[in-house]
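Mind looking over this structure? Questions follow.
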Amino acid sequence: MMMRSSAAVFLAFVVTASPLLASSQPMPAPPAVAPTNNSRLEKAYMALQALKRAITDDPKNLTHNWCGPDVCSYYGVFCATAPDDPCARTVASVDLNHGDLAGSLPEELGLLSDLAVFHLNSNRFCGALPDSLRSLHLLHEIDVSNNQLSGTFPSQLLCLPNVQYVDIRFNNFCGEVPPAIFEKKIDALFINNNHFEFTLSESFSNSTASVIVLANLPRVGGCLPSSIGDMAGTLNELILLNSGISSCIPPEIGKLDKLTVLDLSFNSIVGTLPDTIGNMKALEQLNIAHNRLAGEIPESICALPHLKNFTYSYNFFCGEPHRCLEVPRIDDRQNCIAGRPDQRPGQQCIEFLHQPPAHCDAPRSPPPPVYAPPPPVY
């Protein structure tokens, strides 16, 4: 009797719990339940909603689905397992590159405490970077290039212990660049095309970066330090185009045997081209155009095994080995090289040769400019 009663109760429970057994008519699906966020995702929700409110123009409608608590489904937002909790998900990356978004960056972005990648390049964000970014201790890459950001150099970057890639080029930042940025263990540094004013100091050679671009910063100035050879262990590309440098090229530069790209064009560099550059066996592109270099091109440079592009136009060189003409791409225009086409007028070369010799142990004031086309844009 008790067994019969228990069976009846179980059968009633199954029928009640299953609409298909209780009725032959189909029942509507239950409403979807919004996922329950952990505390990390709740903070991310507040941060991303603050960013959405700070965006004043979204012509591509990238943030149209930034609604509700499921931040991991937002366009451009990527979640991953939290690094310190295998049971929790967190926002690891925000990538809104090329969004043409206009607005500002709110302080709430500091709530994205697990963010590793922050990419906002090619938008129209203005104002300063929020100070709260200094709390993003897991940030590995920050790219806010090609915006309308302003203010002084974002010192928040100096507080990020894990940042490896820093790209703030093509903005309106101004003022001093702290020497400490060259002390950080970062891999790539792009600060070109801003309005910085600083002097290249000895701390520059403390950088462990593989790529450094300080192009189109004509108010930088200073000298290439003789300690530049200390960067040999890591440096792969160095671009100092149009950076106001007014010194000689130190012979120690030849120690950079891993360097593939060296661009020192559109400066006020004087003296001769060091023969030690012939020791830079990995060099593929060398651009020293639009300076005030003189003397002869060392043959060892043109004999470099991987050199594909050698540009030394708009200087005052008086000779080049025939081997230089075997480099796949050279540009020797507007020098003083006899027998070569498109050279400077003879009188201009004579006047230059009668100037006092360059002193490479001290910085020089920039000489009167010689007409030249504008520098390229990186």
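Only a predicted model underlies this, so the values are computations on that prediction, with no experimental measurement involved.
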Measure SG to SG for Cys336 and Cys349 and state whether it is below 2.5 Å. yes
Consider only side-chain heavy atoms of I, L, V, M, F, W and Y, link residues closer than 4.5 Å, and tell whether Val117 and Leu111 are in one cluster.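 In one cluster with Val117: Leu111, no.
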Could you check whether any side-chain heavy atom of Asn287 comes within less than 4.5 Å of a side-chain heavy atom of Phe310, counting everything from C-beta outward? no
With under 30° as parallel and over 60° as perpendicular, where do the rings of Tyr165 and His119 fit, or are they tilted in between?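 Taking His119 first and then Tyr165, their aromatic rings sit tilted (interplane angle of 30° to 60°).
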Between Asp100 and Arg124, does any NZ, NE, NH1 or NH2 come within less than 4.0 Å of an OD or OE carboxylate oxygen?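 Salt bridge present between Arg124 and Asp100.
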May I ask you to decide whether Asp332 forms a salt bridge with Arg340, counting only side-chain N to carboxylate O separations under 4.0 Å?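 Answer for the salt bridge query: yes.
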Taking Ser145 for its side chain and Arg169 for its backbone only, find out whether a donor-acceptor pair lies under 3.5 Å. no
If you compare all heavy atoms of Pro225 against all heavy atoms of Glu202, which two are closest, and at what distance to 0.1 Å?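 For Pro225 and Glu202, the tightest heavy-atom pair comes out as CB-OE2, 3.5 Å.
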Hydrophobic clustering (ILVMFWY, side-chain heavy atoms < 4.5 Å, transitive) - are Leu157 and Phe125 grouped together? yes
Test log, rule side chain to side chain donor-acceptor pair (under 3.5 Å), inputs Gln49 and Tyr74: CA-CA 11 Å; Gln49 288 300 310; Tyr74 288 8; 3.1 Å; yes
Any link between Ile168 and Phe198 through a network of hydrophobic side chains (Ile, Leu, Val, Met, Phe, Trp, Tyr) touching at under 4.5 Å?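 Linked within one cluster.
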Donor-acceptor check, side chain of Asn97 to backbone of Asn121, threshold 3.5 angstrom: yes or no?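 Yes; at least one donor-acceptor contact below 3.5 Å.
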Should the pair Asp84-Arg40 be classified as a salt bridge under the 4.0 Å nitrogen-to-oxygen rule? yes
Linking I/L/V/M/F/W/Y whenever their side-chain heavy atoms sit closer than 4.5 Å, directly or via other members, would Val71 and Phe78 fall into one cluster?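 Unlinked, Val71 and Phe78 end up in two clusters.
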A cation-pi test, strictly: NZ or CZ of Arg344 under 6.0 Å from the centre of the six-membered ring of Phe316 and no more than 45 degrees from its axis. Yes or no?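 Output yes; distance and angle both within limits.
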Are the side chain of Asp331 and the backbone N or O of Tyr312 linked by a donor-acceptor pair below 3.5 Å? no
In terms of SG positions, are Cys223 and Cys248 separated by less than 2.5 Å? no
Between Phe173 and Phe153, is the gap from one ring center to the other below 6.0 Å?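 Phe173 vs Phe153: aromatic centres not under 6.0 Å.
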